[in-house]
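In this chain, residues are counted from 1 in sequence order.
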Amino acid sequence: EFDPERTMASSERGKAAYAKGDFAAAIEAFGEAIAATEDVEDLAKLHSNRAASHLQAKNFAAAAEDAETTTSLKPTWAKGWSRLGQAKRAQGKYLEAATAFDKAAELSADAAKAAYEKDARDARTLSERASAYYSSAFSSGGGSSAAYGPAPDAFAGTTTGRLLQTLTFGARMLVLFNFAQYAVSFDAAGIARRYKTMLFALMAAWVLGTVRRVGRPQFSKVYVQRVLADPGFPRGFGAFILLVSKGSFLPLVPLVYVESAHLAGDLIERFRAYSPTLALKALALGESLTLLDGRTGAVGPSVLHNAALIEVLAGLAVIVELATPKRNPMFIVLYWQYLQVRYVLEEATPGGPKPLKAAFAKLDAQISGLLATTGVPGILRTGYAKLKDVLARQVAVPQPGQPRQPRCSIM
């Protein structure tokens, strides 16, 4: 039964509930108002208000339905089209949102028109980001590096894939949690325990990520080659070196740094189901912080380069430790062998990124600059040049048919 007074009362009750943040009550009240009127003007406003309430309650499909009803009832009302744009944007349907905002701008003037035009542009930008992000394999599993390209997921869309994704996420959370506690702990036993836990969690994250990207373990040469070429291999191998040789804090930092960037991507991926728009905004924030690639959600190349620079500095630090009571000769040998293996793998990957090579080049430029200073003995420059030559031969990748150079290596 249509009742104008009931319509008015229910509408006012809905507005009051909305203002208090009680969106469920607002949805109910606006629904009662809709049922009590047949006035087209009132119906358009009430459906628009209920759409706004649904948006706040995260009922995006219902919000879009009410907004579409609003535009069909009053197609010349800019606010109705704007509401539809908001609902479509919340659903992650950015091109449809842009079309709705375009219509709102067409029906508006001055400041409102400019605002709607900006909404339309922003929606198209989100569409471009979403297209790149959701088409990348990262969006079905994460754990890749932008520099290496999106990582495939051998179990995408399967129960096994979801389980591996959850376990990887848990391992990364464990790494970050223990690192935070490790950094503020003063208990020697607690520090040692958390250090070990972090390393086991890092290796677990690597193993799980490798299985997702490369597939189930196989006893074959091809599988081993794919594992060695996997961008996550250096982190897992580095964690293993630190574990078996009881390494120090600084070499751990780049491993946790890279894993934290992966975790940021994982969190955005999980948040995507809740709010696609906010997930993409978080992705943009990750890009501004140089943690993530803004188009694919993968770890940003600057993270890899910064981590490599820290690794090189850590290599120098462990050499300096030789002069302290904390010296660990076994760790020094293993860590520098680890850096050597990393360097060789980079060189053996045609077209791949070479962050460690870039880090050593940066260090070389600094040392060469110091040695070029007036007053530095020529013997130091000669000695450094010979050292560089020896190191270059150690990490040289043999060409086909070229005999292998003997070198000390744990690989």
Side-chain angles (χ1 to χ4, degrees), residues 143-149 151 199 202-203 205-206 209-210 213 225-245 247-262 290-293 298-321 331-369 384 387-399 405 407-411:
S144 69
S145 153
Y148 285 89
L199 294 174
L202 281 165
M203 287 190 292
W206 166 60
T210 299
R213 292 185 293 272
Q225 289 174 336
R226 291 174 66 190
V227 169
L228 292 176
D230 183 77
F233 172 75
R235 297 194 306 280
F237 183 44
F240 175 74
I241 291 294
L242 292 178
L243 183 66
V244 299
S245 60
S248 55
F249 173 74
L250 188 56
L252 178 67
V253 173
L255 301 180
V256 176
Y257 175 43
V258 174
E259 216 58 49
S260 298
H262 282 296
T290 70
L291 284 176
L292 301 171
D293 180 272
V299 171
S302 65
V303 171
L304 299 178
H305 286 285
N306 292 339
L309 187 58
I310 298 172
E311 285 175 319
V312 172
L313 294 175
L316 295 177
V318 297
I319 292 176
V320 173
E321 280 184 0
F331 176 62
I332 293 173
V333 172
L334 290 178
Y335 193 72
W336 276 94
Q337 285 291 295
Y338 158 69
L339 293 179
Q340 177 188 0
V341 170
R342 287 275 313 281
Y343 197 103
V344 170
L345 288 174
E346 285 186 4
E347 289 292 274
T349 306
K354 296 175 171 51
L356 193 63
K357 183 177 182 178
F360 273 113
K362 190 171 184 178
L363 176 64
D364 173 49
Q366 293 289 331
I367 295 175
S368 297
Y384 181 63
L387 175 62
K388 282 174 58 177
D389 184 58
V390 171
L391 293 176
R393 287 199 300 270
Q394 285 291 309
V395 296
V397 178
Q399 299 301 314
Q405 295 292 328
R407 63 170 68 119
C408 173
S409 176
I410 60 173
M411 289 299 288

Peer 1: Any idea which heavy atoms bring Phe331 and Ser245 closest together, and the distance?
Peer 2: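 Closest pair (atom of Phe331, atom of Ser245, distance): CD1-OG, 2.9 Å.
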
Peer 1: Sequence neighbours excluded, which residues qualify as side chain to side chain contact (heavy atoms under 4.5 Å, CB included) partners of Ala239?
Peer 2: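 Listed in chain order: Leu199, Leu202, Met203, Leu255.
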
Peer 1: Where do Thr210 and Val227 come nearest, in terms of heavy atoms and distance?
Peer 2: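 Closest pair (atom of Thr210, atom of Val227, distance): CG2-CG2, 4.0 Å.
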
Peer 1: Under 3.5 Å, side-chain donor or acceptor atoms of residues 308-321 against the rest of the protein: list the pairs with distances, not counting sequence neighbours.
Peer 2:
unit_1 : atom_1 : unit_2 : atom_2 : d
Glu311 : OE1    : Arg342 : NH1    : 2.7
Glu311 : OE1    : Arg342 : NH2    : 3.4
Glu311 : OE2    : Tyr338 : OH     : 2.9
Glu311 : OE2    : Arg342 : NH1    : 2.9

Peer 1: Does Phe240 have more than 12 heavy atoms from other residues, nucleotides or ligands lying within 6.0 Å of its CZ?
Peer 2: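 12 or below, so no.
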
Peer 1: List the atom of Trp206, the atom of Phe233, and the distance in Å for their closest heavy-atom pair.
Peer 2: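 Taking Trp206 first and Phe233 second, the nearest heavy atoms are NE1-CA, 3.2 Å.
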
Peer 1: Can a donor-acceptor pair be found between the side chains of Ser302 and Asn306 at a distance below 3.5 Å?
Peer 2: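 On atom types as modelled, these side chains do not qualify, holding no pair under 3.5 Å.
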
Peer 1: In Å, rounded to the nearest 0.5 Å, how long is the span from CZ of Phe237 to CG of Leu242?
Peer 2: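 Reported to 0.5 Å precision, the distance equals 10.5 Å.
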
Peer 1: With a 4.5 Å cut-off on side-chain heavy atoms, are His305 and Lys362 touching?
Peer 2: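 Contact flag for Lys362/His305 side chains = no.
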
